[in-house]
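Report on the following structure.
Chain identifiers are assigned alphabetically (A, B, ...) following the order of the sequence lines, protein sequences preceding nucleic acid strands; residue numbering begins at 1 within each chain.
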There are 2 protein chains.
Amino acid sequence: MDYNYQTPRYLHVIEQIKTKINEGELEPGERLPSETEFAKVLHVSRNTLREALRILEEENVIIRKHGIGTFVNKKPVFSGGIEELFSITDMIKREGKTPGTDVLFTGYVDPHSDDITELLLDKTEKVYLVKRVRTADQEPLVYCIDKIPANLLSEGYELHGESMLTSLHEDASITISYAKADIKTIGYHKEISEILKCDSDIPLLILKQVHYDLADNPVLYSLNFFRSDQVSFNVFRKRIF
Amino acid sequence: MDYNYQTPRYLHVIEQIKTKINEGELEPGERLPSETEFAKVLHVSRNTLREALRILEEENVIIRKHGIGTFVNKKPVFSGGIEELFSITDMIKREGKTPGTDVLFTGYVDPHSDDITELLLDKTEKVYLVKRVRTADQEPLVYCIDKIPANLLSEGYELHGESMLTSLHEDASITISYAKADIKTIGYHKEISEILKCDSDIPLLILKQVHYDLADNPVLYSLNFFRSDQVSFNVFRKRIF
DNA sequence: ACGGATTTGTTCGTATGTATA
DNA sequence: CTATACATACGAACAAATCCG
């Protein structure tokens, strides 16, 4: 056998499989031929095919199930048109999944330096802090930290329901009109990655937001840590001449 | 000494230092007191201070120089108001840095399956491929892959200058009016991370864009891999009721 | 409840091309 | 040029999970 490594064979296999998916020969959810069979069809060894499948699984194109088979992924990647401010609850519903919430902490705490800067606080003002994990079909999707200046809330305020935006509107008469968002990423966070059941090689997408009410006062500072294998953000960018 | 481990002491130290920076007591570029001196001021051991400094360095808040001192970082983080479509050249200039480009490859190649999908190509149509590293003050900032359908370009087209948007406009009479962008992240890419001189623990921010001309035809498919310690994206999000 | 068939997961051995010192 | 390490490719055997009669 004469080899030609200018482009490795498994990359060709990846291209072939992706093409089959794009052309509809393989449809989302459909099972691929078994590895031995598929290897014959593609004229490569089972190992080479497996190397291609390994990468495609990493890219979330396929899902492999031990003892059952390999399937084309249903593109479940959450994706928001980010210019529109929506709640995470809505984002999950929009994908046809069921949103859930694990509340990890609620209470009034001293503000950090970032909080003071972003929410224009006094050092003496407390903030109402909520830490939650939001799930889609029981799977953890995003870790949320929300902070609200205590003086904007009535004494016994507690978050009700799942959506912070809705709860603030209905229970605290605070209407959020826009937010300034900052999108960043970190590789691994020993606490948060664990909570989201993320491997160390899956980075986290961070959405750091300051929300403003109708009078342009900052009322909610939130940090959302998304599993980056589940989420991407869309933006429509207009050219300004 | 009675200890209180509900929150570790170095976290308090981090807060104190960040507060000093936010309040202007420590200005960007300024040198911090020496570690021994600073430790006395903050009433912690030098070890505790060093743990705090280690984390602040990781967060790009300070820079430590062996034998010289510790300095407040100049917040050189590139940050784009992403709804506005600008060239990377402009983005770098806006930060007051000098843009540079290392061209790694230009030429006509067969399209991949993604290219065919995004640019609505035939399998037979070639694409003009450009791979570049864009630098700011000589430091690599972003790895760019740009693809243009060959049939949109005249025979001898070559990219001139630094900005793809400008070159397309002036040399190929193609005017880009908007783009659909997708923001993702990956943890490590053995080829690209190396080119950008990224450690394995610095993830890459990916801006995947399809650019359209005035007649809504897709004309440019580009992938930008940013060093995530240098870049974040801003978005202004409006609430839609 | 059991066993056999199917399928993916794991590991070994061998060989060849590529890159580096 | 040689030596070495590494990536790529193939084949084969067995383990583990699943399904079905």
Contacts of A:Ile195 that satisfy side-chain contact (heavy atoms from CB on, under 4.5 Å) - sequence neighbours left out:
A:Leu104, A:Val133, A:Tyr143, A:Glu191
OP1 or OP2 of D:dT8 versus the side-chain N and O atoms of A:Tyr10: is any pair under 4.0 Å?
yes
What is the distance, to the nearest angstrom, from the CZ atom on A:Arg54 to the C1' atom on C:dT10?
14 Å
Does B:Arg64 have any salt bridge (charged side-chain N to carboxylate O under 4.0 Å, His left out) partners at least two apart in sequence or in another chain, and if so, which?
B:Glu35, B:Glu57
Nearest-Å distance, CG (A:Asn47) to C1' (C:dT14)?
12 Å
Using atom CZ of A:Phe71 as one end and atom C1' of C:dT7 as the other, report the distance to the nearest whole Å.
10 Å
Can you tell me how far P of D:dA9 sits from CD1 of A:Ile55, to the nearest Å?
10 Å
Option among B:Lys147, B:Lys208, B:Lys180 that satisfies the salt bridge (charged side-chain N to carboxylate O under 4.0 Å, His left out) test with B:Glu118
B:Lys208
Quick test of your reading of the model: are A:Lys18 and A:Glu59 salt-bridged, counting only N-O distances below 4.0 Å?
yes
Whole angstrom value for the distance that separates C1' of C:dT8 from CZ of A:Arg31
10 Å
Those residues at least two apart in sequence (or on a different chain) that pass ring pair (Phe, Tyr, Trp, His ring centres under 6.0 Å) with B:Tyr128 are B:Tyr108, B:Tyr157
Using a heavy-atom cut-off of 4.0 Å across all strands, would you classify A:Thr70 as base, sugar-phosphate, or nothing?
sugar-phosphate
Under 4.0 Å between a side-chain N/O of A:Thr48 and OP1 or OP2 of D:dC10, yes or no?
yes
Are more than 12 heavy atoms from other residues, nucleotides or ligands located less than 6.0 Å from atom CD of A:Glu194?
no
For the pair made of CD in A:Glu35 and P in D:dA12, what is the distance, rounded to whole Å?
16 Å
What integer distance in Å separates A:His12:NE2 from D:dA9:P?
9 Å
Sequence-aligned protein contact record of nucleotides 15-21 of chain D, with B where the base is within under 4.0 Å of a protein heavy atom and S where only the sugar-phosphate is
-BBS---
Does a side chain donor of either B:Arg132 or B:Thr106 reach within less than 3.5 Å of an acceptor in the other side chain?
no
Sorted by chain and number, sequence neighbours left out, side-chain contact (heavy atoms from CB on, under 4.5 Å) with B:Glu139 holds for none
Residue-level proximity of residues 37-45 of chain A to DNA chain C when a heavy atom falls under 4.0 Å
none
Separation of C:dG9 atom C1' from A:Arg46 atom CZ, nearest Å, is 7 Å
Does any N or O in the side chain of B:Asp213 come within less than 3.5 Å of the main-chain N or O of B:Ile176, such that one atom is a donor and the other an acceptor?
no
